[in-house]
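These notes concern the structure reproduced below.
Just so it is clear, the values below take in all heavy atoms, side chains as well, and ignore hydrogens, waters and symmetry mates. Each chain gets a letter, A, B and so on, in the order the sequences are listed, and its residues count up from 1.
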Amino acid sequence: MKGIIGIGAMLGLLVILPSIQYVLAAGDSAGEYLDRRVVIWGLFYRLMIVAFTVGTVVSGLIVWLVLRFRESNPKATPTSYEASGSW
Amino acid sequence: MSGHSTWPEWVYVGVVIALLCYVGAEAWNIERIIEHVPEDAEIIKVTGQQWIWTFEHEDGTKEIGELHVEKGKAYKFEITSKDVIHSFNIHDYVVLLDAVPGRVNTVWFSPTDVGEFDIQCREYCGLIHYNMRGTLIVEDKGA
Amino acid sequence: MVLELQKPRPIWQIMFSTHHTDVGLLYLITSLAFMFMGGALALLLRVELFSPGVQIIADSMTYNRIFTVHGTTLIFLFILPSASAFGNYLVPIMVRFKDMAYPKLNAVAFWMIPPAGALIWLGFADFTWYAYPTYSVVSAPGPAADMWIFGLKILGVSSILGSINFVVTIMKCKHPDLPLSKMPLLAWAYLTSSLITLVAVPTFAAALLMLLTDRLGASGFFNPAMGGDPIAYQHLFWFTFHPEVYILVIPAIGFMYEIFPRFSRKPIFSHSSGVAAFTLLTIVGFASWAHHMYATGMSFTEKTVFMVGTLAAVPASAMHTFNFLATMWGGRIKFATPIMWAVGGIALFFSAGAGGVVNSAMPLDFITHDSYWVVGHFHLFVMGTILFGTVGFVYYFFPYVTGRMYSEVLGKVHFILSFVGTVLVFFTQHILGLFGMPRRIYDYPPIPEWVQMNIIISIGAFIIGIGMAIFLVNLIWSSAKGKPADMDDPFGLGGKYYFPYQAKNPSH
């Protein structure tokens, strides 16, 4: 069992180390003409789509939590901890 | 854990990590693409000093406060500073890099639109930092 | 816990006391005073930037001095001491010890703050709160710059002493019946943030000494003319001050861990995930410092490493957010002022965090670096999260300190004005940054978008200012004339508070 784990770890390292090498050194070779503005702002807009999607979910959840679990909501019920008085 | 189900938290953490991986991979890929300088890029030496920008083209012509470039060519800025740290910024072309005394930093771009664009300093450099401005003039020699 | 106003004592008894609640009170009053002072400077800046041209500040040097002292004051003289204030009050009670481990050291740590504050305010340096060389070495006018360096040096020592005290109190003086795993999350917050302080701050202390000798011309660590490297300072600086972000935010999150369960009337969703997230943040927080320096000409490799390190810190913060929301879920929440601040705080915490993730993507640095985007981003953290958590906790704590209730109406008005103002100011600053306006500029060209957004920002800042004025009135008026609080249950929530409000102060 130990041998298998050891071999697995070795093989894993053989995959991981070259890919780290590739990831970290990828900026070196010469390239072609491109428009920085298009590339960078494109990335910005893609990330904004992600951020605003997540933001809508989170802020919607917060607003719902605040409205649903406020004390004055007709559906509000005492929590199970209130009877014992400690939480 | 205090006796309640924790799988929602694990799912949530998984989603967060997946999103972060996406962001990291995208950013890595774009940075890789924009760092590749074309081989025929012309070198422009940029020097910051309190509180002006000077430029030196490959053919030796020098300019102060104004930079003339041609549309469609690639340019590589070699940026340095004479005194304190400045930051060379052409916001309209998303060019930004610090001018650090004792170092030469490089960034490249290829102008696509004819016109005048603002050059500014983005690193605090003292009294006139707010007005350490210049102009990038993109010309179309072919037309 | 102290009830100064119900059982008045001569002021020197509090000033020369070493009891933890007295030192906590001193910390609290000092930090709030500096908060109002630093905030007033921000309003001056916003008046100046209201439109292009000169408004009220005559020259750019004065403007530069004002924003430098604004930043330095609010970070080092407001946020850090206000965290120490509540730590002093609560950590000994939470670990069930009679006082801090080293009471005299505690008083010494506090009494280093007023002279440091005096040095910073009398000097009024101009080289921004991070004092980058070579500007700070060759160009910044003295003696202001040197006074700033000495002031920060003193504050650094003060926060190291305070942190040693917290760590020892928690690790060595904790009641034997209370295992670390059962310790309240606020005490965990102090333990982790103090550990970060102990690792991070000495680096900056060393950098400050080098900066001083460089300014004196005795050395050239950061001066290229003498063979030094200005970027080395930035590494030393951010190795301290990126973790410092966590030093500042962790206590604020700890405050929210007190407020959310209390007002939701149910225990925290998961104590262990809070502990895990604090611990994770303590470690991972040290892996991201150079993301502040992408624009200094770092290699692709360095940028990639620090981007990954930055992203790695996000899940921990996300776990806290989850914990807060899950605690509210299924509760019966009484929306008194403290929890309104806490809920507003997590909403803004999320926005700041999302902006931070976007920011850490290295190509976007070409757009956002040193623009108003960055200003908006970190202000969302320090104002939207840390100040919101802290102010919420000030309201929460008010009855224990004074024995009286604050005005609930004024507190809510303060919250609404601050929330609206914060969104107006700092969200707009993000957009202004995308339009390319650099930070730290005294004047700007009349570009129509810039002018419009600056007007919006200034109006938002005045709204915050009005809110803070109401806060000040509420604090002073309520502590003198407010209606006496029911000390067993000041917020009418039912249930027992697990920390007793009577700390045994021998002077009482």
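Both the backbone and the side chain of B/Asp98 come within contact range of chain C, with heavy atoms under 4.5 Å apart. Of the two parts of C/Thr368, only the backbone, made up of N, CA, C and O, holds a non-hydrogen atom closer than 4.5 Å to a non-hydrogen atom of chain B. When heavy atoms are compared at a cutoff of 4.5 Å, C/Tyr130 approaches chain B solely by way of its side chain, counted from C-beta outward. Residue contact with chain B, scored on non-hydrogen atoms closer than 4.5 Å, involves the backbone and the side chain of C/Ser371 alike. For C/Phe435, the part sitting under 4.5 Å from any heavy atom of chain B is the backbone (N, CA, C, O) and nothing else. Residue C/Leu325 does not touch chain B at all, counting heavy-atom pairs closer than 4.5 Å. Both the backbone and the side chain of C/Pro363 come within contact range of chain B, judged by heavy atoms closer than 4.5 Å. Looking at B/Ile34, only its side chain comes within 4.5 Å of chain C, counting heavy atoms on both sides.
Here the OG-CD distance, from C/Ser273 to B/Glu9, works out to 3.5 Å after rounding to the nearest 0.5 Å. Considering OG of C/Ser139 and CD1 of B/Ile85, their distance stands at 12.0 Å, rounded to 0.5 Å. Taken from CG in B/Asn131 to OH in C/Tyr444, the straight-line distance is 14.0 Å, to the nearest 0.5 Å.
Applying a 4.5 Å heavy-atom cutoff, the residues of residues 16-25 of chain B that approach chain C are B/Val16, B/Ile17, B/Leu20, B/Val23, B/Gly24. Of residues 45-70 of chain B, those residues with a non-hydrogen atom less than 4.5 Å from any non-hydrogen atom of chain C are, in numerical order, B/Gln50.
In terms of heavy-atom pairs under 4.5 Å with chain B, the best-connected choice from C/Ala318, C/Pro267, C/Ser360 is C/Ala318. When the candidates C/Leu364, C/Val138, C/Val314 are compared by the number of heavy-atom contacts under 4.5 Å with chain B, C/Val314 comes out ahead. The candidate with the highest count of non-hydrogen atom pairs below 4.5 Å against chain B, out of C/Met293, C/Met319, C/Met298, is C/Met319. With chain C as the partner, the residue from B/Ile30, B/Asn89, B/Leu127, B/Asp92 showing the most heavy-atom pairs under 4.5 Å is B/Leu127. When the candidates C/Gly297, C/Pro445, C/Ala295 are compared by the number of heavy-atom contacts under 4.5 Å with chain B, C/Ala295 comes out ahead.
A donor-acceptor pair is defined here as one N or O able to donate and one able to accept, closer than 3.5 Å; no such pair exists between the side chain of C/His369 and the backbone of B/Arg122. Formation of a donor-acceptor pair under 3.5 Å by the C/Thr134 side chain with backbone atoms of B/Asp83 is found in this model. In terms of modelled atom types and a separation under 3.5 Å, the side chain of B/Gln120 and the main chain of C/Gly436 share a donor-acceptor contact. Judged by distance alone, the side chain of C/Ser60 and the main-chain N or O of B/Ile128 form no donor-acceptor pair under 3.5 Å.
Closest approach of C/Ala361 to B/Ala27, counting heavy atoms only: CB-CB, 3.5 Å.
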Subject >> Verdict with reasoning, B/Arg103 to C/Asp229, per side chain to side chain contact (heavy atoms under 4.5 Å, CB included) >> reply: CA-CA 9 Å; B/Arg103 289 197 180 203; C/Asp229 181 6; 2.8 Å; yes
**OP:** Step by step, work out the side chain to side chain contact (heavy atoms under 4.5 Å, CB included) result for B/Tyr12 and C/Thr321.
**Re:** CA-CA 11 Å; B/Tyr12 164 83; C/Thr321 311; 4.2 Å; yes
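In this structure, B/Trp28 and C/Phe300 have tilted ring planes: the angle between them lies in the 30° to 60° band.
Of the candidates C/Thr296, C/Thr128, C/Asp370, B/Glu123 forms a side-chain contact (heavy atoms from CB on, under 4.5 Å) with just one, namely C/Asp370.
For the pair C/Phe322/B/Pro8, a side-chain contact is recorded, criterion being any heavy-atom separation below 4.5 Å from C-beta on. Residues B/Glu31 and C/Phe366 form a side-chain contact, since some pair of their non-hydrogen atoms from C-beta on lies under 4.5 Å apart. Inter-residue side-chain proximity for C/Tyr442 and B/His129 is flagged as unmet; no heavy-atom pair is nearer than 4.5 Å. The shortest distance between side-chain heavy atoms of B/Glu35 and C/Lys303 falls below 4.5 Å. Contact annotation: the side chain of B/Val100 approaches that of C/Pro230 to within less than 4.5 Å [non-hydrogen atoms, C-beta and beyond].
Partners of C/Asn64 under the side-chain hydrogen bond (donor to acceptor under 3.5 Å, both in side chains) rule, at least two apart in sequence or in another chain, are B/Tyr124. For C/His430, the ring-ring contact (aromatic ring centres under 6.0 Å, His included) partners are C/Trp373, not counting sequence neighbours.
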